[in-house]
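Okay, structure first, notes after.
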Amino acid sequence: MDIPLVEERPFRYRIDRRDPMRVPGVVFATPELLPQATGDKALEQVVNVATLPGIVRASFAMPDVHWGYGFPIGGVAATDVDAGGVISPGGVGFDISCGVRLLAAGIDREPLAPKMRRLMDILGDTIPRGMGRGGLWKLSGPAQMEDLLVGGAGYAVEHGHGVPRDLDRCEDRGALPGADPSHVGRRAVERGLEQVGSLGSGNHFLEVQAVDRVYDEDTAARFGLHDGQVCVMIHCGSRGLGHQVCGDHVRVMDQSLRAYGIRLPDRQLACAPVVSPPGRDYLGAMAAAANYGRANRQLLAEAARRAFATAAGAGLDLVYDVSHNTAKIETHEVDGARRSLCVHRKGATLALPPGHPDLPRDLAGAGQPVLVPGTMGTASYVMTGTAGNDAFASACHGAGRVWSRHQALRRVRGEQLRDDLESHGIAVRPSSWRGLAEEAPGAYKDIDAVARATEGAGLARPVARLVPLGVVKG
DNA sequence: ATGTCC
């Protein structure tokens, strides 16, 4: 199916509403970044999402949009809670609260260079990763899990895994409110007990990076960043626990569609009204899984701190921790009225503008750090939220896949990729050759083009560009 | 993304 696009202005395309769409689609992109050019079905998914009950303004797609489960990855959809608006697990994603944490090291790349080998060896030996496997913090049982699911990163800090200042630099201070562990199933809890503090696999990683360009000195300084500085970027989520929560609630909602009179073009959009038992149950379970993901990143950051202390005698200050797979109840102005919305961001990053009340005080003038990981061979970006973002304060979350994992495996060999990266001065500590090949830089869109489009579309603006020095791959 | 099919 060919989706007609109207170029409203550079970096912004509209898909006109036609039945059964309730709102138009809006795709932020350049011609090169449009998924039609890359042969995936993401634009059909943008259209499908536009049919959801209660959706307002538009079904949005970020410049890194690509095909996903039901909703596109890089999609943003807000539904009106008080007008029959729905919540859909597919609009959050299987990896609930998957997100990025950036830490700024008290060392620059030149003095770190002679110590990099040892640092990477320690990280490679101590960061749990890969399918299954264990985590850094084995919980005592379901009772302790319940506390972690409510407390998130703060619960980890209370138990000595980090410092209180970390929470100042976490979205929602490290815990999404409304977590209800009673709707996290037994199997989800079991899967999660031994995975707190682990990367997982796929596109997850821990990278040592360096700032190679600063676009805005003042904002970078407020974020604690300067040219040449070493950073650590962590990308991971809620592991088997979040996956199980998503699957469990998709099944329930799929069975309740008829009862709520919801008709969908794709069963993967399974949903329920926010104000319904299945809707509320999922939101409570999703918040709990989100808090698991946030605690997970807190534990991994602590492991990175230990490695830096040992190998480099340097500390790591948290710049920010932000999720890009969530649904949050937020207040936004729509058609001149303040409305309570359920904002689904799936592969899309919250991007609060300067002055937003949810920002920590010392970032009020700078805006929220928007963390945009590239690939292991290319740059990553630190951006900041801007005023006038009509996609409910959302921005891109990464480069966005263009090759399927299968295509990547046909084109790339893991050992060869490792050699290529090492020859470019990037140290690699893989978890599997196959996993490495699937995540080859060529499998992704051009991150610099994605960042330019994100800025051009008025979603966020660049603050600093980071380049990889070493990657610990999930 | 995911004990890559309970």
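For the numbers below, each heavy atom of this structure counts, side chains included, while hydrogens, waters and symmetry mates do not. Naming convention: chains lettered A, B, ... in sequence-line order (proteins, then strands); numbering from 1 in each chain.
For Glu194(A), the salt bridge (Lys or Arg N to Asp or Glu O under 4.0 Å) test picks out Lys138(A), with sequence neighbours left out. Taking His159(A) as the reference, Trp137(A), Tyr155(A) meet the ring pair (Phe, Tyr, Trp, His ring centres under 6.0 Å) condition, with sequence neighbours excluded. Take His324(A) and apply the ring pair (Phe, Tyr, Trp, His ring centres under 6.0 Å) test, not counting sequence neighbours, and it matches His235(A), His397(A).
Between His183(A) and Tyr282(A), the ring center distance fails the sub-6.0 Å criterion.
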Please list, one pair per line, the donor and acceptor atoms closer than 3.5 Å that link side chains of residues 268-277 of chain A to other protein atoms, with sequence neighbours excluded.
{"residue": "Gln268(A)", "atom": "OE1", "partner": "Gly70(A)", "partner atom": "N", "Å": "2.8"}
{"residue": "Ser276(A)", "atom": "OG", "partner": "Pro273(A)", "partner atom": "O", "Å": "2.6"}
{"residue": "Ser276(A)", "atom": "OG", "partner": "Gly279(A)", "partner atom": "N", "Å": "3.1"}

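In DNA chain B, no stem built from three or more successive Watson-Crick or G-U pairs (distances below 3.5 Å) is found.
Of the options Arg101(A), Gln298(A), His161(A), Arg173(A), a side chain to side chain donor-acceptor pair (under 3.5 Å) to Asp166(A) is made by Gln298(A) and by none of the others. Checked against Leu102(A) for a side-chain contact (heavy atoms from CB on, under 4.5 Å), the options Leu466(A), Val322(A), Leu318(A) give a single hit: Leu466(A).
Phosphate contact (OP1/OP2 of dT4(B), side-chain N/O of Ser201(A), threshold under 4.0 Å): absent.
Scanning residues 61-72 of chain A for heavy-atom distances under 4.0 Å to DNA chain B yields an empty list.
For Arg411(A) and Trp403(A), the positive end sits near the middle of the six-membered ring, less than 6.0 Å away and at most 45° from its axis.
Among the atoms of the strands shown, none is found under 4.0 Å from any heavy atom of Gly237(A).
Atom pair Ile96(A):CD1 and dT2(B):C1' shows a separation of 12 Å (rounding to whole Å applied). One atom, NE2 of His243(A), and another, P of dT4(B), lie 9 Å apart when rounded to the nearest Å.
Along DNA chain B, the nucleotide nearest Phe94(A) and the nucleotide nearest Arg434(A) are compared for position; the residue whose nucleotide lies closer to the 5' end is Phe94(A).
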